[in-house]
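Note that this is a predicted model, so its numbers are computed, not measured.
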Amino acid sequence: MARIVKKFGGTSVADVEKIQSVARRIKKEVDAGHQVAVVVSAMAGVTNELVGYVDAISRMYDAREYDAVVASGEQVTAGLTALALQEMGVSARSWLGWQIQVKTDDVHGKARIHSIDGKEMIESMSKGEVAVVAGFQGISPGGRISTLGRGGSDTSAVALAAALDADRCDIHTDVDGVYTTDPRIVAKARKLDKITYEEMLEMASLGAKVLQTRSVELAMKHNVRLQVVSSFSDEPGTLVVNEDEIVEKELISGIAYSRDEAKITLTQVADKPGVAAGIFGPLADASINVDMIVQNVSDDGKRTDITFTVGKTDLERAVATVEARKKDLGYSKLVSDSEVVKVSVIGVGMRSHAGIAQTMFSALAEKGINIQVISTSEIKVSVLVREEYTELALRALHEAYGLDAE
Ligand code: ADP
Ligand code: ASP
Ligand code: MG
């Protein structure tokens, strides 16, 4: 007997028929004698719709109320999935964030999980009851409902797997594994049998939304056996593993993209100590993540331009935060652009091979794609380009690195 956590994403629970088919999958595991906890997302499109309502009423909303609204989608699917199981003669109950006590911090809208008390759930599961958990939601220190950021049900599942000391955490989704790049954009993308935690972490944080970044971080930290599998077929999926479990290491494991980027340029900023702190301190205080940053050396030692990127949804707040300090910062103009995409090439092989970035730059140049910002780390190279080039850039790079499937 094993204890398994299975998570089903939005498209996998998109309607009543799909929920019933998910229930049949769960029943198979129960019939095989396993203890099962199921984490469900909201039905496909529901969270977007809820976010739309909030935006329509309030642009600079109170994030606690945003959470009260957007967390509701998962409550519906948890209840419906429990009912579908009961209809099949499987004992099941739903669990909401506050009932399990998924305790988070108070960063509403993108909260992090601090702890989960799995005791009551383990008791219920050991009596043969399937635990159906509403993903994405928790409870903040103030006792308010919190949500874990878009795609957060993956993180609910992994955190739960760690808390329940589960043998496995299966992330069921609308693709049958992790591919070399988004298979919906590049038809020649190849499915990976295995990927390291580290590479998956980079892929996720650079935009491959098949797993939420935080879920991979947690899986790595708690050694959760994590796999991405289809909700609709029994094909083997992709296992996320430690580096020593991969025998044949590829130079490049994947290419990711993120449309969730917006660029801000401040022109004619004073070139003196304290300026960067003056810009980025207030952004951090407003919980706005800054991603890429470029600052040039000034020609005359006096003034220079600074360009940085933030998430698209944070753009409005970021601009307001910087503009509120215009007098202190003394820049000349603030220019923002949200029609950009970040494309990244990822691979642990980069540590020991030169020329990876050059292949990227030439492949993009050949297609006439201009690079606006570049950033690198030990195992990735990212570039910012115009959004309209997303598909062209992905296809060109996939081919240039020899990743295309035959
Ligand atoms: P769910 O609703 O099940 O959580 P998501 O839409 O969040 O599903 O994530 C699955 C999607 O991730 C796929 O449909 C695919 O378009 C996208 N994706 C992006 N990059 C990759 C990749 N490298 N491998 C697989 N899927 C990817
Ligand atoms: N329903 C939430 C979202 O759409 C959480 C998730 O699906 O993982 O972001
Ligand atoms: Mg998802």
Q | Contacts of Leu394 that satisfy side-chain contact (heavy atoms from CB on, under 4.5 Å) - sequence neighbours left out | A | Thr181, Ile185, Val186, Ile255, Tyr257, Val343, Thr390

(Q) If you count every heavy atom of other residues, nucleotides or ligands that lies below 6.0 Å from Glu399 atom CD, does the total exceed 12? (A) no

**Q.** Non-hydrogen side-chain atoms of Lys194 and Leu239 separated by less than 4.5 Å
**A.** yes

Q | salt bridge (Lys or Arg N to Asp or Glu O under 4.0 Å) between Arg225 and Asp167, intermediate numbers included | A | CA-CA 7 Å; Arg225 194 146 186 89; Asp167 299 281; over 6 Å; no

Q: Would you sort out whether Glu202 and Lys380 count as a salt bridge (Lys or Arg N to Asp or Glu O under 4.0 Å), showing the intermediate values?
A: CA-CA 8 Å; Glu202 287 284 345; Lys380 63 108 179 163; 5.3 Å; no

Q) Quick one: does Asp105's side chain get under 4.5 Å of His114's, heavy atoms only? A) yes

Q.
Could you go through Arg386 and Glu261, starting from their C-alpha distance and side-chain angles, then the distance that decides it, and tell me whether this counts as salt bridge (Lys or Arg N to Asp or Glu O under 4.0 Å)?
A. CA-CA 11 Å; Arg386 286 201 64 73; Glu261 293 282 317; over 6 Å; no

Q | Contacts of Lys27 that satisfy salt bridge (Lys or Arg N to Asp or Glu O under 4.0 Å) - sequence neighbours left out | A | Asp31

Q) So, the side chain of Gln101 versus the backbone of Trp98: is there a donor-acceptor pair under 3.5 Å, distance only? A) yes

Q.
With a sphere of 6.0 Å drawn around CD of Gln75, does it hold more than 12 non-hydrogen atoms of other residues, nucleotides or ligands?
A. no

**Q.** Set of residues satisfying salt bridge (Lys or Arg N to Asp or Glu O under 4.0 Å) with respect to Asp67, sequence neighbours excluded
**A.** none

Q: Any chance you could lay out the salt bridge (Lys or Arg N to Asp or Glu O under 4.0 Å) test for Glu323 and Lys326, step after step, and finish with the verdict?
A: CA-CA 5 Å; Glu323 280 181 339; Lys326 181 159 197 235; over 6 Å; no

Q.
Can a donor-acceptor pair be found, under 3.5 Å and without considering hydrogens, that links the side chain of Ser156 to the backbone of Gly135?
A. no

Q: Please identify each residue that fulfils side-chain contact (heavy atoms from CB on, under 4.5 Å) with Asp15, with sequence neighbours left out.
A: Glu17, Lys18

**Q.** For Phe361, all residues meeting ring-ring contact (aromatic ring centres under 6.0 Å, His included), sequence neighbours excluded
**A.** none

Q.
Other residues, nucleotides and ligands only: do more than 12 of their heavy atoms fall within 6.0 Å of CD on Gln86?
A. yes

**Q.** Partners meeting ring-ring contact (aromatic ring centres under 6.0 Å, His included) with Tyr389 (sequence neighbours left out)
**A.** none

Q | Close side-chain approach of Leu397 to Leu364, heavy-atom, < 4.5 Å | A | yes

Q. Between atom CG of Leu201 and atom CG of Leu218, what is the distance when rounded to the nearest 0.5 Å?
A. 10.5 Å

Q.
Using a strict threshold of under 4.0 Å (side-chain N to carboxylate O), is an ion pair present between Arg112 and Glu217?
A. yes

Q: For Ala82 and Ser94, work out which heavy atoms get closest and say how close.
A: CB-N, 3.9 Å

Q) In Å, rounded to the nearest 0.5 Å, how long is the span from OG of Ser230 to CD of Glu235? A) 8.0 Å

Q | Positive for side chain to side chain contact (heavy atoms under 4.5 Å, CB included) with Leu226, one of Leu211, Val241, Thr238, Asp170 | A | Leu211

Q: Could you tell me which residues satisfy salt bridge (Lys or Arg N to Asp or Glu O under 4.0 Å) with Arg3, sequence neighbours excluded, listed by chain and number?
A: none

(Q) So which atom in Lys312 and which in Asp260 form the shortest heavy-atom distance, rounded to 0.1 Å? (A) N-OD1, 2.7 Å

Q: Might you point out which heavy atoms bring Arg190 and Gly402 nearest each other, and give the distance in Å?
A: NH2-O, 4.4 Å

Q. Are Glu29 and Arg25 close enough for a salt bridge, meaning some N to O gap below 4.0 Å?
A. no

Q) Where is the tightest heavy-atom contact between Asp314 and Lys110, given as atom of each residue plus distance? A) OD2-NZ, 3.6 Å

Q. Who are the ring-ring contact (aromatic ring centres under 6.0 Å, His included) partners of Phe8, not counting sequence neighbours?
A. His172

**Q.** Validation row: Gln20, Arg24 side chains within 4.5 angstrom (heavy atoms)
**A.** yes

Q. Is there side-chain contact between Ser344 and Met203, with at least one heavy-atom pair below 4.5 Å?
A. no

Q: Indicate whether any N or O donor in one side chain lies under 3.5 Å from an N or O acceptor in the other, for Lys263 and Gln372.
A: yes

(Q) Run the side chain to side chain contact (heavy atoms under 4.5 Å, CB included) test on Met1 and Gln35 for me, step by step, so that the C-alpha distance in whole Å, both residues' side-chain angles and the decisive distance to 0.1 Å come before the verdict. (A) CA-CA 7 Å; Met1 186 210 74; Gln35 281 186 13; 3.9 Å; yes

Q | Distance-minimising heavy-atom pair for Met350 and Ile379 | A | SD-C, 3.5 Å

Q. Got a sec, which residues hit ring-ring contact (aromatic ring centres under 6.0 Å, His included) with Phe280, two or more places apart in sequence or on another chain?
A. Phe308

Q. Does one side chain, of Ser140 or Thr104, offer a donor that lies under 3.5 Å from an acceptor on the other?
A. no

**Q.** Short side-chain donor-acceptor distance under 3.5 Å, Tyr61 and Glu65
**A.** no

(Q) Taking salt bridge (Lys or Arg N to Asp or Glu O under 4.0 Å) as the definition, give me every residue that meets it alongside Asp62, ordered by chain and number, with sequence neighbours left out. (A) Arg64

(Q) So Val322 and Leu334, do their side chains get closer than 4.5 Å, heavy atoms only? (A) yes

**Q.** Distance, nearest 0.5 Å, that separates CG of Leu384 from CD1 of Ile374
**A.** 10.5 Å

Q) Does a side-chain heavy-atom distance below 4.5 Å link Val240 with Met200? A) yes

Q) Mind checking what makes side-chain contact (heavy atoms from CB on, under 4.5 Å) contact with Ala37, not counting sequence neighbours? A) Val5, Met121, Met125, Ala131, Leu160, Leu164

Q: Calculate, to the nearest 0.5 Å, the distance between atoms NZ and OH belonging to Lys188 and Tyr179 respectively.
A: 15.5 Å

Q.
Closer than 4.0 angstrom, basic N to acidic O: yes or no for Arg351 and Glu198?
A. yes

Q. Side chains of Glu129 and Ser124: do they bring a donor and an acceptor to under 3.5 Å?
A. yes

Q: Verify side-chain hydrogen bond (donor to acceptor under 3.5 Å, both in side chains) between His398 and Thr180, making sure each step is shown before the conclusion.
A: CA-CA 8 Å; His398 204 262; Thr180 45; 2.7 Å; yes

Q | Donor-acceptor side-chain pairing of Glu199 and Ser253 below 3.5 angstrom | A | yes

(Q) Which heavy atom of Ala157 sits nearest to which heavy atom of Val39, and what is that distance? (A) CA-CG2, 3.8 Å

Q) Residues two or more places apart in sequence or in another chain: which of them pass side chain to side chain donor-acceptor pair (under 3.5 Å) with Ser205? A) none

**Q.** Straight-line distance of Ser377 OG to Leu206 CG, nearest 0.5 Å
**A.** 7.5 Å

Q | Student check: side-chain heavy atoms of Val383 and Val373 closer than 4.5 Å | A | no

